[in-house]
There are 2 protein chains.
Amino acid sequence: MATKRATINDVASLAGVSIATASKALNGRQDVRPATRERVLAAAAELSFQPNALARGLLSGQTRTVGLLTSDSVGRFGIPVLLGAEDAFGADEMAVLLCDARGDAIREQHHLRALLSRRVDGLIVVGESTNPRPSVSKDLPVPVVYAYGPSEDPDDVSFVPDDVGAAAMAVNHLLAMGRRKIAHITGPTHYKAARDREEGLRLALAEAGVEQVGQTLSGPWSQRWGRHAAEMLLMAEPDVDAVFCGSDQIAAGFVETARERGRRVPDDIAVVGYDNWEVLSTETRPALTTVDMNLELLGRTAAQHLFAAIDGKATPGVHKMPCQLVIRDSTSPPGVS
Amino acid sequence: MATKRATINDVASLAGVSIATASKALNGRQDVRPATRERVLAAAAELSFQPNALARGLLSGQTRTVGLLTSDSVGRFGIPVLLGAEDAFGADEMAVLLCDARGDAIREQHHLRALLSRRVDGLIVVGESTNPRPSVSKDLPVPVVYAYGPSEDPDDVSFVPDDVGAAAMAVNHLLAMGRRKIAHITGPTHYKAARDREEGLRLALAEAGVEQVGQTLSGPWSQRWGRHAAEMLLMAEPDVDAVFCGSDQIAAGFVETARERGRRVPDDIAVVGYDNWEVLSTETRPALTTVDMNLELLGRTAAQHLFAAIDGKATPGVHKMPCQLVIRDSTSPPGVS
DNA sequence: CTCCTGGACTTAAAGGTTTTCGGAAACGTA
DNA sequence: TACGTTTCCGAAAACCTTTAAGTCCAGGAG
């Protein structure tokens, strides 16, 4: 806590010039003699002058601020997007106003109004799942991009991970490792993520002419379910040699139970997870091969496209972002434990 | 994307009054006839008018915005604090400008300037650990409160979890369950959290006149270390009947290995974790008794005190916030599995 | 009738910055 | 000397809202 804030007026009078000249000097404009500029800069430093962004924004109509409206309280998806966005903005000193609607539509509207009244230049909406969500962009005076959870309206700009492609990539990896008895354990079917990943699995298996082992097992996204599904699967399909799991939590549970039941991973059964949630994927034994959705890149890309949209160059549609397969010990080739 | 934003001027002329009257009508002030107010409100609704917070802030000197400056990219501590802060602010529609310095002092200064230039009303600084950190508040024109990681300067306002008290509480719980052979596995000693939690353990044991079993084992905060430490501990001190772990990650690793080595939890060995990181604490077998640092409450309290400080009523010093012991199956009394 | 009161509304200033335009000085050229 | 050009700087408007102060008018009291 200290003195009152200095204004450009104070700087100008300390430097003995008008505020116009001070402004020009501070903003590196022409039309000001080097010696004068020097004096102004010195005065500004002396008073530790910070230009008032409100006044500047009022005049220019640009606040250099974007709103990030998220719905996943836990930050599982919002955080990487925030980081990516900060990266994309960073250089040019954009700031991020963060609001968490906690899945409540009323609260979302409330936050939306608050952000709009603060005159954000744009908006990033982060979904809590990849299920399409109602558009928020109708008649909004600023551009909006959706990250992770796409908008229902195809005229909006959305960025989602390519779950289908990533799942296919994961399964192709298992096939390349020589596995042919591949099972699938995943999350609730009302998640589009679960359906997409299963779709990817099916495409990859079909292309290779390989049959899936057993039915897809759907349950919660939890470790507990992974363990439970493992019991069922190992009982019903004893000759399974690979499992593609819809999340690292499920995979961690599976690996634990498989281990307990005397199945070696990866020698007897190879396991692939999803999410690359490091507290799980690198701490299981063995560490998990898993899909990294590259959320930080997704966030950065969304931010960059928001910039483009702010400049009037929007690119509507749902953009699928490539994921990455992180290969760890849970899928080494058989015999190469 | 839609039309240009309406100003109060547009509202006023649509309603056929002056902007002053429009302002008064919109803000529920007296001196305006009900019929007139009605007209103004209708006009505002018609134009979906949102008052420009920049202009308002410029005039009042208050932006109703606070900055949240965090250093833990992963959001493990920052997020609950953000949520708590949003809760405290929410009713009164404060907004939060979030910046992540990622442990980089330069970037922190950069963000600090950006926040100041945006004229935030106050600042919450969230540490990445409970280690005291350099103060940022000297000669700042706005109040600052520190959450989780306290400031080195005792004149600042800091809120930290009461690690010592919580550890003592955890150990007292073990003692109450009849355990007398208590060991401690924790994180690196350069973390104040590790030292404080050990301190709490010592106080509780001393008060009960019980000796700690073996030396405190220090290592990374990881599950891997928990497993490794479990091997060592079970070898060196076979008769241990309880372990207090410095984190849920360590506890999860310990439980896993103890189980593998044929020790039953909690029958043979009771285990207490720390953090109540739910993806771990509720998913281990058995679920972990653990310390919940109540970070959301901490964040809310910090936010409330920031309000107080904004109003000129600061309460300097390091405030220790109470934690909570969440009792689950890993510490049931012996024989009551 | 005049004067006063109070209600309903308007005018104008303020807040800090950027920008446009015009002015002044210095200098060179005819 | 008169004039044009260049260089540097200042005055003032604009952005949008709130509020203090002022205006106007109807109606009541004297």
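Bear in mind that the values here come from a model prediction, so they are computed numbers and not experimental data. Chain letters run A, B, ... following the sequence lines, proteins first, then strands; residues in each count from 1.
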Flag, side chain of [X] to backbone of [Y], donor-acceptor distance under 3.5 Å:
X	Y	value
Thr63(A)	Arg119(A)	yes
Asn131(A)	Tyr191(A)	no
Arg118(A)	Ala53(B)	no
Asn294(B)	Cys323(B)	no
Asp10(A)	Thr7(A)	yes

Notebook entry, point to check: Is the CD atom of Glu152(A) crowded by more than 12 outside heavy atoms at less than 6.0 Å?
Noted result: yes

Between the base of dT10(C) and the side chain of Lys24(B), is there any donor-acceptor pair under 3.5 Å?
yes

List for me each residue that meets salt bridge (charged side-chain N to carboxylate O under 4.0 Å, His left out) alongside [X], sequence neighbours excluded, and say none if there are none.
X	value
Arg133(A)	Glu108(A)
Lys192(B)	Asp196(B)
Arg56(B)	none

Separation of [X] atom [atom1] from [N] atom [atom2], in whole Å?
X	N	atom1	atom2	value
Leu26(A)	dT18(C)	CG	P	8 Å
Gln62(A)	dT18(C)	CD	C1'	14 Å
Arg56(B)	dG16(C)	CZ	C1'	18 Å
Gln30(A)	dT18(C)	CD	C1'	16 Å
Asn9(A)	dT18(C)	CG	C1'	14 Å
Arg64(A)	dT17(C)	CZ	P	17 Å

Counterpart residues, side chain to side chain donor-acceptor pair (under 3.5 Å), relative to [X] (two or more places apart):
X	result
Asp311(A)	none
His111(A)	none
Asn52(A)	none
Ser13(A)	none

Contacts of Ala55(B) and Arg29(B) projected onto DNA chain D by closest heavy atom; the upstream (5') one is Ala55(B)

Considering only heavy side-chain atoms of Leu59(A), the closest of dC9(C), dT19(C), dT18(C) is dT18(C)

- prompt: Under 4.0 Å between a side-chain N/O of Arg33(B) and OP1 or OP2 of dG7(C), yes or no?
  reply: no

- Task: Have a look at Thr36(B) and say if it touches a base, only the backbone sugar-phosphate, or nothing, with a 4.0 Å heavy-atom cut-off.
- Result: sugar-phosphate

Check your understanding: How is Thr7(B) classified with respect to the nucleic acid when contacts are heavy atoms under 4.0 Å: base, sugar-phosphate, or nothing?
Key -> sugar-phosphate

For Ser18(A), the side chain to side chain contact (heavy atoms under 4.5 Å, CB included) test, sequence neighbours excluded, returns Ala20(A), Thr21(A)

What residues 40-52 of chain A contributes to the DNA chain C interface at heavy-atom separation below 4.0 Å is Phe49(A), Gln50(A), Pro51(A), Asn52(A)

Its 5'-most and 3'-most nucleotides having an atom under 4.0 Å from a non-hydrogen atom of chain B, DNA chain D is contacted over dC16(D) to dT19(D)

Here the residues of residues 12-21 of chain A within 4.0 Å heavy-atom distance, strictly under, of DNA chain D are Val17(A), Ser18(A), Ala20(A), Thr21(A)

Quick tally for nucleotides 22-28 of chain C: nucleotides whose base has a protein heavy atom under 4.0 Å get B, sugar-phosphate-only ones S, the rest -, giving -------

